[in-house]
J.: 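Before anything else, here's the structure in question.
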Amino acid sequence: MSKESLFESLNPQQREALLYTEGPLLILACAGSGKTKVIAHKYAHLVKSRKCSPNSILALTFTNKAANEMKNRISSLSARDVENAWIGTFHSQCNRLLRREIRPLGYRPDFSIYDEDDQHTLIRHILREFRFHEALFKGVAARIGSLKSSLIGPDEFLSTGDGFGFDEKLAKVYMRYQDDLKRCNALDFDDLIGLTVALFEKYPEVLGKYKGIFSYILIDEFQDTNRAQYRLLKLLGCGGNISVVGDDDQSIYRFRGADVNNVFRFEEDFPGTKIIRLEQNYRSTQNILNVASAVISRNPMRKPKKPWSGREGGDRVYHCWLSNENEEARHVAKSIKELYLKGAYEFKDFAVLYRVNVQSRAVEEALRDEGIPYHIVGGISFYQRKEIKDIVAYMRLVMNQSDNVSLRRIINCPPRGIGAATVSKVENEAKKKALSLFEVIKSTVKTGSVTSGVKERLEGFVKLVDRLASGKYRTVADMIQDILEVSGYRETIDEDRMQNISELIASSAETDIKDFVDRVSLFTSLDDSGSGESAVTLMTLHSAKGLEFPVVFIIGIEEGVLPYFKAMDSADEINEERRLFYVGMTRAKDVLWLTGAGKRRLYAKFQDQEASRFLADIPRQYCEWIEKIRVSTVPPPVRPRTDSKRPFFPYVAGCRVRHPKWGVGVVRDCYGDGDEQKVMVNFPSIGIKKLVLRFANLEKI
DNA sequence: AAAACTCCTCTTTTT
DNA sequence: GAGGAGTTTT
């Protein structure tokens, strides 16, 4: 492709973004403004104009899907092989770098990568050993994860503790977790970023090497970076050879550590930053854009921007209030059918978006009743399935025999008579001698300090692993087949599970075994290839980011659902809910429906629902109200309620209370309502207690 | 080691 | 109201 045609399809701002290569550049890209296109074109331009040699541009995204899309675009623009280019997700490229450079940090290059599940297993194990709130493992993991994504180590965290015991214990768990990972020669997702940063900070010569390799840096979805990722960019991009593209209005992953403030910090940290705004929206009609803009403009702390659409007018945004969630779902299904029968749209042109996955149920039912094909995006990932994780654990243990988490997973799977008692014996031994579990097992087999039965079974296991480790497998398929046969795993699983394993094998093709394990670890969901049949898409608002559909329904726009009730007591979280709504609305090209229900069953109980506060921000002239239930029962879209109707708590997290028996403690959380109101209080003497407010007899101090 | 039972939780989830 | 996980039972 000629240089001219690289520009031809771009508007003036996009062109400017592409040509500005001499200093740090922040591209504020409104929804639907073609940001991915700009990055791909810029990459191609940098190579074409010989400003950068091929493979010297680091281009980072968040998802594998986005990375693949970028690779495809770039290779078709520049007719160049992108196999060895530094294009990929933050995690995959850090992994690539660490496989080469990690030694000085005390890990071996054959390290395992632990996903969230493995992380949970390990933390749970530690909590059990510490006899410390094992049930809270998820919360503890989340806490540790957020510390790690902010590059706060255990020691640093300890020094900021609240002095009430919990955080100190948490710091100990954190420290131990990090030690265990190292002992296992394993990295979790946060380590992939964090250790790359640590490497660069500790070893300037390594940083220098990579600054030499990367002559330019391109970042997509910049608003989703966390502190660690930002630090990485700062280290590598301080020379100013960096362009980042993002939209602060579309930051919806705060709960995962994403920090929108990076967008605001960028200008300060990269002096001389040029800002270019991509404000032309190529997706939605002006009406849809007006509605979305009206809602998002209520958020404080935004980068100012004026999105506009080349598509004047368009349908007004439809809004409809139904009596309950089934009526709502039926309404969605009927509307889809109606539009479909008019012939303007295929089923794949429709999307139904919701805040929480449970909302899909009613919609599924209604679509089935109408005979409308649909598919659901999200849910349990292929790679999270037990049988897949088991097989991968075998592979990991074979490649990294320090991997205790994988060993524990499969030592008795299939059952080979090595029970909990034996394992915990081995664990104690391992702790004493600072060896890995597998090493201890091997020496136990040699010295025979256990009963002959146990010894025999352990020996069988060692032989199994050794056999697999010495196997000269050409392909992933060979290795997995051997694992299935030799371990006896195959006999223990049913048809369905075997089917999944076959799929795993099929997906491996001719991939190198090590690359395959990395890929499996760094993938979350298998590309839903889809059956090819045209079908309505159902998914959460989060999953919808980056996509577009001609007709979009956003359902459950009610207080408690959107914004979700858990987010309602913090202004920051409300703002994020608003952004989520904004992301949803800006997915629509032609038609946007906003619906809600007056009654809804959430979990066990029915609830009366009020219209979402966000609806009150929509100017009436862009909207059309469709009356489905009697006007008297239609709740007008009111301003946000005062707190009077929300469950009221006499305490807030952080305040101190006195308990007649346990003395003074700190409130950590308040939840539930009515007679079920509960508080979680941390008492220094005994730790965390959950108390029913009615009975607790607490005194505020 | 499977089956039965009880208890708990229940937002979103790029890697 | 349902699914997951831990515990107890057989």
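Only this structure's heavy atoms are used, side chains among them; waters, hydrogens and symmetry mates stay out. Protein chains get the first letters and strands the later ones, always in sequence-line order, with residue 1 at the start of each.
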J.: Could you tell me how the ring of A/His120 sits relative to the ring of A/Phe137: parallel (under 30°), tilted (30 to 60°) or perpendicular (over 60°)?
T.: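 Geometry flag for A/Phe137 against A/His120: perpendicular rings.
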J.: Does a side-chain N or O of A/Thr89 approach OP1 or OP2 of B/dT14 to a distance below 4.0 Å, or not?
T.: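 Looking at the OP1 and OP2 atoms of B/dT14, neither is under 4.0 Å from any side-chain N or O of A/Thr89.
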J.: From CZ of A/Arg355 over to C1' of B/dC10, roughly how many Å is that when rounded to an integer?
T.: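 Taking CZ of A/Arg355 and C1' of B/dC10, I get 13 Å after rounding.
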J.: Measure from CZ on A/Phe137 to P on C/dG4 and round the result to the nearest Å.
T.: 13 Å
J.: Is any side-chain nitrogen or oxygen of A/Asn357 closer than 4.0 Å to OP1 or OP2 of B/dT13?
T.: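 Yes, because at least one side-chain N or O of A/Asn357 sits under 4.0 Å from OP1 or OP2 of B/dT13.
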J.: Round to a whole Å and report the spacing from CZ of A/Arg361 to P of C/dA2.
T.: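 The answer, rounded to whole Å, is 7 Å.
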J.: On the 0 to 90° scale, with breaks at 30° and 60°, tag the A/Tyr210-A/Phe200 ring pair as parallel, tilted or perpendicular.
T.: tilted
J.: Considering only heavy atoms from C-beta outward, does the side chain of A/Asn185 approach that of A/Tyr107 to under 4.5 Å?
T.: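 They are in side-chain contact.
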J.: Between A/Thr63 and A/Ile252, which is nearer to the 5' end of DNA chain B once each is assigned its nearest nucleotide?
T.: A/Ile252
J.: Nearest heavy atom decides the nucleotide; on that basis, is A/Lys138 or A/Asp190 closer to the 5' end of DNA chain B?
T.: A/Lys138
J.: Would you write the dot-bracket representation of DNA chain B, where each base gets (, ), [, ], | or . depending on whether it forms a Watson-Crick or G-U pair under 3.5 Å and with which partner?
T.: ||||||||||.....
J.: Using the 3.5 Å cut-off, write out each protein N or O paired with an N or O of nucleotides 1-3 of chain B and the distance between them.
T.:
none

J.: For the pair made of CG in A/Leu541 and P in B/dT12, what is the distance, rounded to whole Å?
T.: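 Taking atom P of B/dT12 as the reference, CG of A/Leu541 is at 11 Å.
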J.: Within 45 degrees of the ring normal and closer than 6.0 Å to the centroid, is that where the cationic atom of A/Arg600 sits relative to A/Phe606?
T.: no
J.: Scan side-chain atoms only and decide if A/Asp191 and A/Tyr114 contain a donor-acceptor pair under the 3.5 Å cut-off.
T.: no
J.: Rounding to an integer number of Å, can you tell me how far A/Met539 CE sits from B/dT11 P?
T.: 21 Å
J.: Determine whether the side chains of A/Tyr489 and A/Asp390 contain a donor N or O and an acceptor N or O closer than 3.5 Å.
T.: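 Yes, A/Asp390 and A/Tyr489 have a side-chain donor paired with an acceptor closer than 3.5 Å.
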J.: I'd like to know if A/Asp518 pairs up with A/Arg96 as an ion pair, taking the criterion as any Lys NZ or Arg NE/NH1/NH2 lying under 4.0 Å from an Asp or Glu carboxylate oxygen.
T.: no
J.: What is the distance from CZ of A/Arg254 to P of B/dT14, rounded to the nearest Å?
T.: 19 Å
J.: Using a 4.0 Å heavy-atom cut-off across all strands, classify A/Ser543 as base, sugar-phosphate, or nothing.
T.: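 The answer is sugar-phosphate, as A/Ser543 gets under 4.0 Å only of primed atoms, P, OP1 or OP2.
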J.: Describe the nucleic acid contact of A/Glu221 in one word from base, sugar-phosphate, nothing, applying a heavy-atom distance below 4.0 Å.
T.: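 Touches nothing.
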J.: Is A/Arg579 salt-bridged to A/Asp249, cutoff N-O under 4.0 Å?
T.: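 No, no charged N to carboxylate O under 4.0 Å.
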J.: What's the closest nucleotide to the side chain of A/Arg124 if the choices are B/dT14, C/dG6, B/dT12?
T.: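 Looking only at side-chain atoms, A/Arg124 lies closest to C/dG6.
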J.: Hey, are A/Asn326 and A/Glu365 close enough side-chain-wise for a donor-acceptor pair under 3.5 Å?
T.: no
J.: Could you check how far CG of A/Leu522 sits from C1' of B/dT14, rounded to whole Å?
T.: 12 Å
